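A short write-up of the structure that comes next.
It should be emphasised that the depicted structure is a prediction, and the values quoted were computed from it without experimental measurement. Read the numbers this way: they start at 1 and go in the same order the structure lists the ligands and their atoms.
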Amino acid sequence: MIIVIIGSQWGDEGKGKVVDLLADRFDVVARYQGGHNAGHSVYVGDKAFVLRLLPSGIIHKNSVCVLGNGMVIDPKAFFGEVDEMIEKGVSITPDRLKVSSRAHLIMPYHQALDHTSEERLGNEKIGTTLRGIGPAYEDKAGRRGIRVADALSPEVLKNRIERNLAEANKVIAVFGREPLRFDEIFEEMTELAERLRPFVCETSHFFSEAKKDNKKILLEGAQATLLDVDHGTYPFVTSSNPTAGGASVGAGIPPHHITGVLGIVRTYATRVGEGPFPSEMLNEEDGVANLIRERGNEFGSVTKRPRRCGWFDAVATRYAAELNGFDSVALTKIDVLDALDEIKVCIGYEIDGERVDTFPAVSQDLRQIRPIYETLEGWKSDTLGITKVGDLPAKAKEYVDFLSRSIGVEIGLISTGPERDQTIILKDSVMESWFA
Ligand code: GDP
Ligand code: IMO
Ligand code: MG
């Protein structure tokens, strides 16, 4: 069994919590795109973990974790996180952590270029995490990137850094920044590459063998559908493909071996950084936005930036469901809405006076959208920690059913709090079969 987990909105839907829940039943947990721009939070008892680069399964001692070829890996961030995990009592050995030889490396100049690129864009900036993700993927597409396998050969590493740094420093100089020094980068990267060597693996062969042995594999998407470089709100997106198709390419697994796709959907929407957000709460809704931000702890788990808050967008989420082919959905953070008198759901868009029910390609159109809302009554009672669907207030259950109908997919799991046991799994759902 191979299941892909995908964020349906603009990220931070609660992927980490759901991966952690499923990881117990799976043998392998793998990331297939992105890098340490992700922040996946997991709570286990009194311990809090924020996974950035490592798959969330790393917390489970029996999971083997893989960083797939589609990722961009900053080796310093990688070992920073490995050391942090070891300090928290997680055992990390090459037996249970594998890094694709084909993944690309994020170099110090990529991070510098992320800054200059944002500076150049000024008011039109993306609001990136400044981790060097975009510039590393630009080098990959430009066929000058440095892959993990390249870094293991000091000669190749030296040549590539020399060539790429010369170009990067020209741009860096234009922005009046200090040029980066070759010796420092080469020395640091050579050391890190040696430390990485035991973890390096032909990961797609590893997956193929795992499948032959009937192992269960979980593919953990980072970012989300609307941040996908092809399908998201371009250009306000990340530089990889978090969507289901990206899982096949980024893990090196044949598409027809993937058995199921699980969408993570939050009961409302948030966005970090710039870019269109049709159902964003308006100024006069500041009170509600602040309430949600406080109750839902909507501050970036990596950058600590306050997340922009908005209502559930059925048009955008239905688009995600179609595009990824969700077989089941995990609906998170229902408890955050407990305090609201009424809850709005965006059920359509109006652009230039015309009703639109599909997600437009052009960011400009998205900015001019007038969202059409349906307003539902709130349930005004506590759902935190509920584990049985029958214990949900009737109006909360109606809200869940409304969302399920509006996106056309079953909701198989309802998350009622950040902790593992604050979860409802619905009987006879596709989701339930994945937990078997
Ligand atoms: P991810 O990037 O999709 O993994 O999500 P993040 O971890 O960045 O953000 C989700 C936040 O919501 C984290 O702080 C989670 O612990 C928390 N969370 C997840 N599910 C629930 C839930 O059902 N209720 C509440 N209150 N918090 C949740
Ligand atoms: P998880 O996996 C939310 C956003 C950034 C920015 C855009 C591009 O925790 O859901 P990048 O640094 O990737 O070039 O930034 O994407 N972004 C995220 N937003 N959650 C994330 O990850 C994100 N990763 C990137 O804020 O708008
Ligand atoms: Mg996150």
Side-chain angles (χ1 to χ4, degrees), residues 5-21 31 33-44 48-53 55-56 72 74 106 110-111 113-115 117-118 125-138 220-229 232-240 242 263-277 292-308 330-339 383-386 413-424:
I5 289 195
I6 291 170
S8 313
Q9 293 144 325
W10 284 278
D12 306 322
E13 295 88 353
K15 299 177 288 293
K17 165 170 170 168
V18 180
V19 171
D20 174 64
L21 278 177
R31 285 268 311 267
Q33 45 68 236
H36 63 313
N37 48 349
H40 297 178
S41 322
V42 178
Y43 290 93
V44 188
F49 299 86
V50 180
L51 287 313
R52 297 177 294 269
L53 202 42
S56 304
V72 284
D74 177 332
I106 297 184
H110 289 134
Q111 213 170 338
L113 292 174
D114 209 346
H115 279 95
S117 164
E118 287 286 84
K125 73 173 198 292
I126 313 288
T128 74
T129 59
L130 298 173
R131 299 292 192 268
I133 306 291
Y137 277 117
E138 281 176 43
E220 174 179 0
Q223 289 79 56
T225 304
L226 302 175
L227 290 173
D228 185 285
V229 67
T233 47
Y234 191 89
F236 299 96
V237 292
T238 191
S239 301
S240 67
I264 313 295
V265 172
R266 189 173 17 193
T267 48
Y268 52 94
T270 68
R271 179 160 202 167
V272 211
E274 311 303 317
F277 186 2
I292 287 186
R293 197 171 294 115
E294 290 308 319
R295 288 182 60 89
N297 189 23
E298 297 301 353
F299 297 89
S301 38
V302 174
T303 57
K304 308 292 172 217
R305 290 181 285 178
R307 295 173 180 155
R308 295 157 65 191
L331 184 69
T332 61
K333 303 190 105 164
I334 193 156
D335 54 295
V336 175
L337 303 185
D338 287 352
T383 63
L384 184 72
I386 288 180
L413 183 156
I414 304 167
S415 174
T416 58
E419 294 182 22
R420 276 182 184 163
D421 56 2
Q422 296 175 317
T423 305
I424 303 169

N/O separation below 3.5 Å, [X] to ligand 1:
{"X": "Ser415", "value": "yes"}
{"X": "Ile334", "value": "no"}
{"X": "Ser41", "value": "yes"}
{"X": "Asp12", "value": "yes"}
{"X": "Glu13", "value": "yes"}

Just by distance, do the side chain of [X] and the backbone of [Y] share a donor-acceptor pair under 3.5 Å?
{"X": "Arg305", "Y": "Gly127", "result": "yes"}
{"X": "Asp335", "Y": "Leu384", "result": "no"}
{"X": "Glu13", "Y": "Gly11", "result": "yes"}
{"X": "Thr225", "Y": "Gly7", "result": "yes"}
{"X": "Thr423", "Y": "Arg420", "result": "yes"}
{"X": "Thr416", "Y": "Gln422", "result": "yes"}
{"X": "Gln9", "Y": "Arg266", "result": "yes"}

Listed protein N/O/S atoms, distance to the Mg ion (ligand 3) under 2.8 Å: Asp12 OD1, Gly39 O
Contacts for ligand 2, heavy atom under 4.0 Å, by chain and number, are Trp10, Gly11, Asp12, Lys15, Asn37, Ala38, Gly39, His40, Ile126, Gly127, Thr128, Thr129, Ala222, Gln223, Leu227, Val237, Thr238, Val272, Gly273, Arg305
Under 4.0 Å, heavy atoms only, figure out whether ligand 1 is touched by the backbone of Val336, its side chain, both or neither. side chain
As an exercise, identify every atom of ligand 1 less than 4.0 angstrom from a heavy atom of [X].
{"X": "Arg307", "result": "8 (O), 9 (O)"}
{"X": "His40", "result": "1 (P), 2 (O), 4 (O), 7 (O)"}
{"X": "Tyr43", "result": "16 (O)"}
{"X": "Thr416", "result": "23 (O)"}
{"X": "Gly14", "result": "1 (P), 3 (O), 4 (O), 5 (O)"}

Short N-O contact, Asp12 and Arg307, less than 4.0 angstrom: yes
Take Gln111 and Ile106 through the test side-chain contact (heavy atoms from CB on, under 4.5 Å) and record every step on the way to the result. CA-CA 8 Å; Gln111 213 170 338; Ile106 297 184; 5.6 Å; no
Between Arg131 and Arg52, does a side-chain contact (heavy atoms from CB on, under 4.5 Å) hold up when you go through it step by step? CA-CA 11 Å; Arg131 299 292 192 268; Arg52 297 177 294 269; 5.8 Å; no
Which distance, rounded to the nearest 0.5 Å, do you find between the CG of Asn37 and the OG of Ser240?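 It comes to 7.0 Å.
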Note the single closest protein heavy atom to atom 4 (O) of ligand 1, along with its residue, its atom name and the distance in Å.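 Sorting protein heavy atoms by distance from atom 4 (O) of ligand 1 puts Gly16 N, 2.8 Å first.
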Among all protein heavy atoms, pick the one closest to atom 26 (N) of ligand 1 and tell me residue, atom and distance. Asp335 OD2, 2.7 Å
For Leu227 and Arg271: C-alpha separation, side-chain torsions, deciding distance, then whether side-chain contact (heavy atoms from CB on, under 4.5 Å) applies. CA-CA 10 Å; Leu227 290 173; Arg271 179 160 202 167; 3.9 Å; yes
Do [X] and [Y] get their side chains close enough for a donor-acceptor pair, meaning under 3.5 Å?
{"X": "Asp338", "Y": "Thr383", "result": "yes"}
{"X": "Ser415", "Y": "Lys17", "result": "yes"}
{"X": "Ser56", "Y": "Lys15", "result": "no"}
{"X": "Glu298", "Y": "Tyr268", "result": "yes"}

So, do Val229 and Tyr234 sit near enough that their side-chain heavy atoms are less than 4.5 Å apart? yes
When you measure from atom 27 (N) of ligand 1 to each heavy atom in Lys333, Gln422, Gln9, which option holds the nearest one?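 It is Lys333 whose heavy atom sits nearest to atom 27 (N) of ligand 1.
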Does Gly417 have a non-hydrogen atom less than 4.0 Å from ligand 1?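 The answer is yes, since Gly417 has a heavy atom less than 4.0 Å from ligand 1.
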Looking at ligand 1, would Gly39 count as a contact under a 4.0 Å heavy-atom criterion?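 A heavy atom of Gly39 does come that close to ligand 1.
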